[in-house]
Amino acid sequence: MLKRTGIPTSDDLQSVTPDKERLLEGPVAIIECFNEIPCDPCFYSCPFKAIKKFDDINDKPELDYSKCTGCGNCIASCPGLAIFVVDYPKNRLSLPYEFLPLPSVGDKVWGLNRAGKSICQVEVIKVKDPDKNDKTAVITIRLSKKYLMEVRHIKVGDLDE
Amino acid sequence: MILLINTDLLVIGGGPAGMTAALKAAKRKAEVIIVERYHELGGQLTKQTHRFFGSKSEQAGTRGIDIARGLTKEIQNMSEIKVLTEATAQGYYEDKIVTVSYQNKFRKIRAKRIIIATGASEKMMLFENNDLPGVYGAGAIQTLMNLYGILPGKKVIMVGAGNIGLIVSYQLLQAGVEVKAVIEADSEIGGYLVHASKIRRTGVPIYTGHSVKSAIGESSVKGAEIIKLDENWQMITGTERFIKADTICLAVGLRPLVSLLIQADCAMVYVPELGGDVPIRDENLKTTNDQIFVAGDAAGIEEATAAMLEGEIAGLKAASEIGYLSEDVVEETRRLKRELKKLRGGPIGRKIRRGLSKVRGDDNVKKNRYSHLR
């Protein structure tokens with residue numbers, strides 16, 4: 001249970017995951033924010049107004065999947081590092097990353113699941129670290145489709161470790 | 001020689017609450033002195049490398065260190081504000097004067113209004129061997145690591161899964177330290193779940209319903225014996241487990257630093273939800289001493305965003321009372337209170353709301369914990 005372990009349950013995840021049809025259409029954000037905390041920067045980050053304006057700042061974010069283009073602007077805006085973009089057709093995942101050294105494009109690194117377990121090897125295909133992201137890099141990885149909804153972090157370094 | 005300095009407003013403590021209070025008053029042309037114990041302004045913000053939550057209009061998404069830098073620069077550009085760093089407020093006297101030690105001299109400051117924004121201190125936790133070298137408070141670790149670039153150790157056990165425990169765990173990981181586990185006595189994680197998830201997915205286990213039974217080691221920490229707790233927080237014998245580590249970090253809560261308020265005869269009340277003894281005050285943060293306001297963690301433990309809003313409200317009100325009135329005071333105060341209310345409005349703010357319901361009103365003044373000292 002999330003409140004005991006820090007790991008979201010499948011029920012938690014289902015509530016923030018678009019249906020298969022939308023996933024097949026292309027990249028879309030998944031906002032893994034499960035408690036009502038006073039926070040709203042994601043709303044301001046979205047150029048397409050896909051994240052609903054907060055009536056109450058404590059509301060959980062609501063994403064309109066039909067408006068979301070998967071641009072990933074919201075990823076680095078989230079103070080909780082809880083936003084990911086999944087590109088199902090292209091087997092890609094973009095995630096926020098605040099550790100050094102940053103990986104390089106082409107690196108093979110470990111993909112970690114929400115419990116921090118290394119479950120597969122992934123390939124780094126984009127590293128975005130512009131000034132406007134204020135030190136939260138956005139890393140895009142390519143990985144096997146079956147792990148797209150499982151991997152949420154990467155471990156940079158020797159794969160043999 | 002004892003120097004007497006006269007000013008409109010004295011702000012004691014240059015953290016988030018004190019800085020915004022000073023700015024708000026100075027922008028209304030009040031003359032302000034800030035007394036800060038450290039060598040620079042910023043308080044806890046200077047260690048907070050993570051992005052802030054809250055409302056975008058109140059700097060959410062910005063890292064604490066950058067908020068501190070921004071406010072410090074703003075203060076330096078205000079000719080109305082004089083900052084005394086490495087200065088300690090020593091006491092409040094009956095003739096309404098505050099004494100301050102500054103540059104090896106004892107100064108007296110007479111101010112028309114005083115805002116006390118002294119922050120908080122960390123709580124200690126009882127367990128066997130808790131005095132072994134290697135047992136740290138989370139604040140000390142943040143200071144060492146984030147201000148001075150010194151690692152406290154290589155393998156850390158974090159005690160406390162509130163926001164501070166979770167955030168400092170994350171900062172330790174960023175610094176390349178191994179966090180062996182986060183131990184939390186409560187059955188649930190107290191901090192924001194997004195903070196918990198982001199350390200959990202790096203592989204750090206979070207053990208709720210657990211506590212530290214003893215620190216292990218002869219001359220320094222070599223590990224800790226942790227133990228399961230039942231629903232009444234009693235240790236369950238037989239569930240002990242050893243975790244190897246060279247550092248135990250305690251993030252088990254904060255207590256408002258209120259000694260000056262007590263000395264100034266502000267009526268105090270014990271409110272567990274706010275971290276301990278806090279002053280009774282009205283909605284403008286005015287205490288029962290007409291000269292004195294309180295803001296930030298000294299008024300009750302809360303997030304820095306709330307501290308900054310409280311500072312602004314107190315600063316604005318203090319400036320008005322001194323005579324610096326401006327047309328927008330009423331509207332601006334209303335806006336700030338609205339922001340604060342929104343911030344505290346959700347389930348996370350429930351505890352704060354319950355706490356705050358105990359700090360207002362005449363009935364509570366009668367409960368003044370320190371009246372027997374008078």
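Remember, predicted model here, so these are calculated numbers, not experimental data.
Only the side chain of D66(B) has a heavy atom closer than 4.5 Å to any heavy atom of chain A. Proximity to chain B involves both the backbone and the side chain of L81(A), based on heavy atoms less than 4.5 angstrom apart. Looking at L173(B), the atoms closer than 4.5 Å to chain A (heavy atoms on both sides) sit in the backbone and in the side chain alike. Proximity to chain A (any heavy atom under 4.5 Å) is restricted, for F52(B), to the backbone atoms N, CA, C and O. Only the side chain of K198(B) comes within less than 4.5 Å of a heavy atom of chain A; its backbone N, CA, C and O stay farther away. Looking at D40(A), the atoms closer than 4.5 Å to chain B (heavy atoms on both sides) sit in the backbone and in the side chain alike. Neither the backbone nor the side chain of S118(A) comes within less than 4.5 Å of any heavy atom of chain B.
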R334(B)/E283(B) under salt bridge (Lys or Arg N to Asp or Glu O under 4.0 Å): CA gap, chis, key distance, verdict: CA-CA 11 Å; R334(B) 215 175 274 156; E283(B) 56 170 8; over 6 Å; no
Go through it in stages, so that I can follow the logic: the residues are K213(B) and E240(B), the test is salt bridge (Lys or Arg N to Asp or Glu O under 4.0 Å), and I'd like the CA-CA distance, side-chain angles, deciding distance and then a yes or no. CA-CA 8 Å; K213(B) 190 178 175 192; E240(B) 293 87 348; 3.0 Å; yes
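For the options L112(A), T136(A), D134(A), heavy-atom pairs under 4.5 Å to chain B are most numerous at D134(A). When the candidates F84(A), F54(A), F43(A), F34(A) are compared by the number of heavy-atom contacts under 4.5 Å with chain B, F84(A) comes out ahead. Listed options I57(A), L100(A), N113(A) were ranked by heavy-atom pairs under 4.5 angstrom with chain B; first place goes to I57(A). Taking chain A as the reference chain and counting heavy-atom pairs below 4.5 Å, the highest number among P205(B), G203(B), A196(B), G54(B) is found for G54(B). Ranked by non-hydrogen atom pairs under 4.5 Å with chain A, the options V182(B), T208(B), I199(B) are led by T208(B). The greatest number of non-hydrogen atom pairs below 4.5 Å with chain A, out of G349(B), S187(B), G345(B), is found for S187(B). Contacts with chain A were tallied for G176(B), S197(B), S57(B); S197(B) has the most, counting heavy-atom pairs under 4.5 Å.
Contact annotation for residues 1-10 of chain A against chain B (heavy-atom separation below 4.5 Å, listed by residue number): M1(A), L2(A), K3(A), R4(A), T5(A), G6(A), I7(A), P8(A).
Each of R353(B), K351(B), R344(B) was compared with E302(B) under the salt bridge (Lys or Arg N to Asp or Glu O under 4.0 Å) criterion, and only R344(B) meets it.
For D297(B) (side chain) and P256(B) (main-chain N/O), no donor-acceptor pair under 3.5 Å exists by modelled atom type. One N or O on the side chain of R63(B) and one on the backbone of T49(B) form a donor-acceptor pair closer than 3.5 Å. In terms of modelled atom types and a separation under 3.5 Å, the side chain of N58(A) and the main chain of K342(B) share a donor-acceptor contact.
Counting only residues at least two apart or on different chains, the side chain to side chain donor-acceptor pair (under 3.5 Å) pairs with a member in residues 18-36 of chain A are K20(A)-Y88(A), E32(A)-R114(A), E32(A)-R152(A). A ring pair (Phe, Tyr, Trp, His ring centres under 6.0 Å) check over residues 164-190 of chain B, counting only residues at least two apart or in different chains, returns the pairs F99(A)-Y170(B). Sorted by first then second residue, the ring pair (Phe, Tyr, Trp, His ring centres under 6.0 Å) pairs that include residues 118-140 of chain A, not counting sequence neighbours, number zero.
Heavy atoms from other residues, nucleotides or ligands lying under 6.0 Å from CD1 of I141(A) number more than 12.
Expressed to the nearest 0.5 Å, how far NZ of K135(A) lies from CG of L102(A) amounts to 12.0 Å. Residue L63(A) holds its CG atom at 12.0 Å from SG of C33(A), rounded to the nearest 0.5 Å.
Using a cut-off of 4.0 Å between Lys/Arg side-chain N and Asp/Glu carboxylate O, K180(B) and E178(B) are scored as salt-bridged.
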